[in-house]
Amino acid sequence: MKKQTRGIIDAIISSSTFGFSPFFSVSLLAMGLGALDVLSYRWGIATLVLLLIAIWTKKSVRLDRHEFGCIFVLSIFRALTSLALLIGYANIASGVASTIHFMYPIVVAFSMMFLFGEKKSPIIIAAIILSVIGACCLASGDTADVSGGDRVKGIIASAASVVFYATYVILLQKTGADRIESTKLTLYVMGFSAIYFLVGVTAMGGIRIIPEPVGWMYVAGISIICTMVSNFFLVNAVKNAGPTLASVFGALEPLTAVLTGVLFLGERLSVLNIAGIIMILTTVTIVVIYQNKQKA
């Protein structure tokens, strides 16, 4: 019970910190940076910071052949997730893109129950459905179109992020990667992702330098808060609570995204938005009570 509770807390921290990603991403894109620029800064700086932490705390970062293979595969899906979602942010409203991305718990839960034999729970299924409905309510009122964006491209990219991220969450457990020490796993997943994007941006002519101090604040936010912290706690959440519960508590991701939109991007909070918040909070409460009763 203690381990699962810790996993739930990890999942809450992971999803809520990742929810700030639209704010920082949209702000950097508005400054003229391209998607590969943003992602190179994001993953590169996050990797450097976590590497310094690993050195300071004397964590081993050595990989054996099996660990390397697992992490290499995971990093591909994690990198594809961030690229697809950022393309979504660039073409449709960030709240809409975040809501579409949040559909990944459905893919995770149903894959675990119907493809991998996880125990089928009507309570968990109902909680996932309710949280998705709540996320849709949260996104209502957003204007899907953005200046210069391609609506179809944005929706397709955001939907692709659902599949990529769900696969990443499932593979964390199914490849045995969840048994790798969390700092080492997170460091190499981010490091490989940084390499992919740096190679890509170099091939496109080189990374753009950010001249404004506020731009570096956005980079620090998206790399440390939304990437390093979020990924670290996601790994721990999957280890301690399993991929399904970790995904259910991802409901806090669109909640955080919408709240930051209201506070910093001038988005409005409608009656449906409030209903969505209530649904998500209700979902979290139902899951916690259900899990406590199951372990009692």
Side-chain angles (χ1 to χ4, degrees), residues 10-11 13-22 24-25 28 33-64 66-87 89 101 104 161 164-173 175-202 207 210 216 218-239 243 246 250 253:
D10 291 334
I13 295 173
S14 174
S15 60
S16 59
T17 52
F18 187 77
F20 286 97
S21 181
F24 294 122
S25 297
L28 287 168
L33 272 71
L36 292 180
D37 295 311
V38 174
L39 293 171
S40 295
Y41 279 118
R42 174 183 181 179
W43 294 100
I45 292 177
T47 300
L48 290 176
V49 172
L50 188 56
L51 178 60
L52 291 175
I53 292 175
I55 294 173
W56 178 264
T57 57
K58 298 181 180 179
K59 295 281 188 180
S60 172
V61 294
R62 292 184 179 180
L63 293 177
D64 59 34
H66 174 71
E67 290 175 335
F68 178 87
C70 290
I71 291 174
F72 178 73
V73 173
L74 285 170
S75 68
I76 292 174
F77 285 100
R78 190 64 188 89
L80 287 172
T81 299
S82 59
L83 177 60
L85 192 53
L86 194 59
I87 293 173
Y89 292 154
H101 175 69
Y104 77 86
S161 77
F164 294 142
Y165 196 62
T167 304
Y168 172 77
V169 172
I170 293 171
L171 287 178
L172 271 175
Q173 184 182 70
T175 63
D178 58 345
R179 295 190 291 273
I180 301 174
E181 196 276 323
S182 298
T183 300
K184 180 167 65 173
L185 174 60
T186 306
L187 174 66
Y188 280 105
V189 168
M190 295 193 308
F192 286 146
S193 297
I195 291 172
Y196 305 149
F197 294 126
L198 286 169
V199 170
V201 77
T202 300
I207 193 169
I210 303 174
W216 287 104
Y218 294 146
V219 167
I222 196 171
S223 60
I224 297 175
I225 297 174
C226 304
T227 304
M228 187 188 74
V229 172
S230 179
N231 279 274
F232 179 82
F233 281 99
L234 173 63
V235 170
N236 284 333
V238 174
K239 284 184 178 182
E253 175 195 322

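Numbering starts at 1 and runs along the sequence shown.
At a threshold of 4.5 Å between non-hydrogen side-chain atoms, the residues Val189 and Tyr168 count as touching. The side-chain heavy atoms of Ile207 and Thr202, taken from C-beta on, include no pair separated by under 4.5 Å. Looking at heavy atoms from C-beta onward, Thr175 lies out of side-chain contact with Val73 at the 4.5 angstrom threshold. Side chains of Ile53 and Phe232 form no contact here, defined as non-hydrogen atoms less than 4.5 Å apart.
From Leu86, atom CG reaches atom CZ of Phe197 across 8.5 Å, with rounding to the nearest 0.5 Å. Note that OG of Ser82 and CD1 of Ile87 are 9.5 Å apart. Values are rounded to the nearest 0.5 Å. Once rounded to the nearest 0.5 Å, the distance linking OH of Tyr188 with SG of Cys70 reads 14.0 Å. Atom CG of Leu171 and atom CD1 of Ile71 lie 13.0 Å apart (nearest 0.5 Å). For the atom pair CG (Leu52) and OG1 (Thr47), the distance works out to 11.0 Å, reported to the nearest 0.5 Å. Here the OG-CG distance, from Ser182 to Leu50, works out to 10.5 Å after rounding to the nearest 0.5 Å.
No donor-acceptor distance shorter than 3.5 angstrom exists from the side chain of Thr227 to the backbone of Trp43, with no hydrogens or angles considered. Judged purely by atom type and a 3.5 angstrom limit, Ser161 has no side-chain atom pairing as donor or acceptor with the backbone of Leu85.
Arg78 and Ser193 are not linked by any side-chain donor-acceptor pair at a separation below 3.5 angstrom, with hydrogens and angles left out of the test.
Nearest heavy-atom pair, Arg179 versus Lys239, reported as atom, atom and distance to 0.1 Å: N-CE, 4.4 Å. Taking every heavy atom of both residues into account, Lys184 and Ser60 meet most closely at CD-O, 3.6 Å. Taking all atoms of both residues into account, the shortest heavy-atom contact from Ile225 to Thr17 is O-CB, 3.5 Å. Closest non-hydrogen pair, Tyr196 versus Ser75, comes out as OH-OG, 2.8 Å. Across every non-hydrogen atom of Arg42 and Ser21, the tightest pair is NH1-OG, 4.0 Å. For Glu67 against Asp64, the heavy-atom pair with the smallest separation is N-OD1, 2.7 Å.
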(message) Please evaluate residues Tyr218 and Ile210 with respect to the criterion side chain to side chain contact (heavy atoms under 4.5 Å, CB included), reporting the C-alpha separation (whole Å), side-chain torsions for both, the decisive distance (0.1 Å), and the verdict.
(response) CA-CA 10 Å; Tyr218 294 146; Ile210 303 174; over 6 Å; no
(request) Please report the C-alpha distance between Asp10 and Leu234 in whole Å, then the side-chain angles of each, then the deciding distance to 0.1 Å, and finally whether the side chain to side chain contact (heavy atoms under 4.5 Å, CB included) criterion is met. (result) CA-CA 7 Å; Asp10 291 334; Leu234 173 63; over 6 Å; no
(request) Please lay out, stage by stage, how Leu74 and Leu185 fare under the test side chain to side chain contact (heavy atoms under 4.5 Å, CB included). (result) CA-CA 10 Å; Leu74 285 170; Leu185 174 60; 4.1 Å; yes
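Ring planes of Tyr41 and Trp216: perpendicular class, angle over 60° (limits at 30 and 60°).
Taking the six-membered ring wherever Trp is involved, the centroid distance between the rings of Phe192 and Phe68 falls below 6.0 Å.
Screening Asp37, Leu39, Val219 for a side-chain contact (heavy atoms from CB on, under 4.5 Å) with Leu28, the sole residue that qualifies is Val219.
Applying the 6.0 Å contact sphere to CZ of Phe24 captures more than 12 heavy atoms from other residues, nucleotides or ligands.
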